[in-house]
Amino acid sequence: VGLFVVPAHSASVWSAVVERLEKSTVFIQIGESGGCTGFVINEEKDYILTAAHCFGDDLNAKDVYANSEPVKVIYKDAKKDLMVLEVEGLDKPALTLAKTNPKIGDQVASFGYGYALERPMFRVAFISDDRAYIHESNIGGPFLVIDAAFVGGQSGGPVVNEAGEVVMIVQRASNLVGLGVGAEIIKEKTGKHWAKRP
């Protein structure tokens, strides 16, 4: 049986991406003990993107903080599980949204505050399915599926390609896989809130 070997250049590529993600990702404190992840999408307006389910159905924005600052909800789409928050004084660079979704077999990496730890977790995976649907009420799709589970607290965090572009957002997981909507749905629903690029 042959062994799968990651190319040597891959580690150095991901090191540069991690540096960028560390500057743009924020911890979202929810109530007394909950936590999610968000990332900056517009540095001029101090907008971050996260998963709408982080708020739950009844949570008031006054109980939520990002980067230790109060948040204001700018946009929420419960069906696609996306939410844009404004957080004054972030002073963090925005990530760039990829133009298209990744394809099956593409390598990606998730980044977020798994288990609400002090530092975000970085996890490399491959796209297993690029058009998955879940047959439950109130769940959108199509989802991208990766071959590594997301960890509680990573919800709302970015999933990026080797160029550091956001290709997906962390939304759901089982014990074996992670799921989230891709860049094309993110753009359709939240594109007007992202920083304009030349």
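Everything numeric in this text was worked out from a predicted model, so none of it was measured. Count residues from 1 along the sequence.
Side-chain contact check for I28 versus I48: some heavy-atom pair is nearer than 4.5 Å. Between V166 and T96, every side-chain heavy-atom pair lies at or beyond the 4.5 Å cut-off. K103 has its side chain out of reach of I127: every pair of non-hydrogen atoms, C-beta onward, lies at least 4.5 Å apart. Counting only heavy atoms from C-beta outward, the side chains of T25 and Y113 approach each other to under 4.5 Å. Here the side chains of F150 and V177 are not in contact, with every heavy-atom distance at 4.5 Å or above. Using a 4.5 Å heavy-atom threshold, the side chains of H193 and N42 count as separate. F39 has its side chain out of reach of V26: every pair of non-hydrogen atoms, C-beta onward, lies at least 4.5 Å apart. Using a 4.5 Å heavy-atom cutoff, the side chains of V160 and E165 are not in contact.
The minimum heavy-atom distance linking A98 with A183 is given by the pair O-CB, 3.5 Å. Closest heavy-atom contact between P142 and V181: O-CG1, 4.0 Å. Taking every heavy atom of both residues into account, V87 and E69 meet most closely at CG1-CB, 3.6 Å. The shortest non-hydrogen separation linking P93 to S24 is O-OG, 2.7 Å. Across every non-hydrogen atom of A195 and E43, the tightest pair is CB-OE1, 4.0 Å. Summarising the geometry of A51 relative to S155, their closest heavy-atom pair is CB-C, 4.4 Å, with the distance given to 0.1 Å.
Within the model, atoms CD1 of I185 and CD1 of I169 stand 11.5 Å from one another, a figure rounded to the nearest 0.5 Å. Taking CZ of R131 as the reference point, atom CG of N101 lies at 8.5 Å (rounded to 0.5 Å). Atoms CD1 and CG, on I146 and D130 in that order, are 14.0 Å from each other to the nearest 0.5 Å. Residue I41 holds its CD1 atom at 10.0 Å from CG of L95, rounded to the nearest 0.5 Å. Taking OG1 of T50 as the reference point, atom NZ of K76 lies at 11.0 Å (rounded to 0.5 Å). In this structure, L49 CG and L97 CG are separated by 9.0 Å, a value rounded to the nearest 0.5 Å.
At a threshold of 4.0 Å, the pair R119-E22 counts as salt-bridged, since one of the basic side-chain nitrogens sits closer than that to a carboxylate oxygen. Salt-bridge check for K92 with D46: failed, with every basic side-chain N at 4.0 Å or more from each acidic carboxylate O.
Using a distance-only test at 3.5 Å, with no hydrogens or angles considered, a donor-acceptor pair links the side chain of Q171 to the main chain of D81. Without hydrogens or angle criteria, T37 side chain to F27 main chain gives no donor-acceptor distance under 3.5 Å. Under the 3.5 Å distance criterion, the side-chain polar atoms of R123 are left unmatched by any main-chain donor or acceptor of G112.
Checked options H53, K189, E188; the residue passing with L82 is K189 (criterion: side-chain contact (heavy atoms from CB on, under 4.5 Å)).
Y47 has its ring centre no less than 6.0 Å from the ring centre of W194.
Inspection of the S110 and Q154 side chains reveals an N or O donor paired with an N or O acceptor under 3.5 Å.
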Apply side-chain contact (heavy atoms from CB on, under 4.5 Å) to residues M121 and F111 and explain how you reach the verdict.
CA-CA 6 Å; M121 299 172 66; F111 196 73; over 6 Å; no
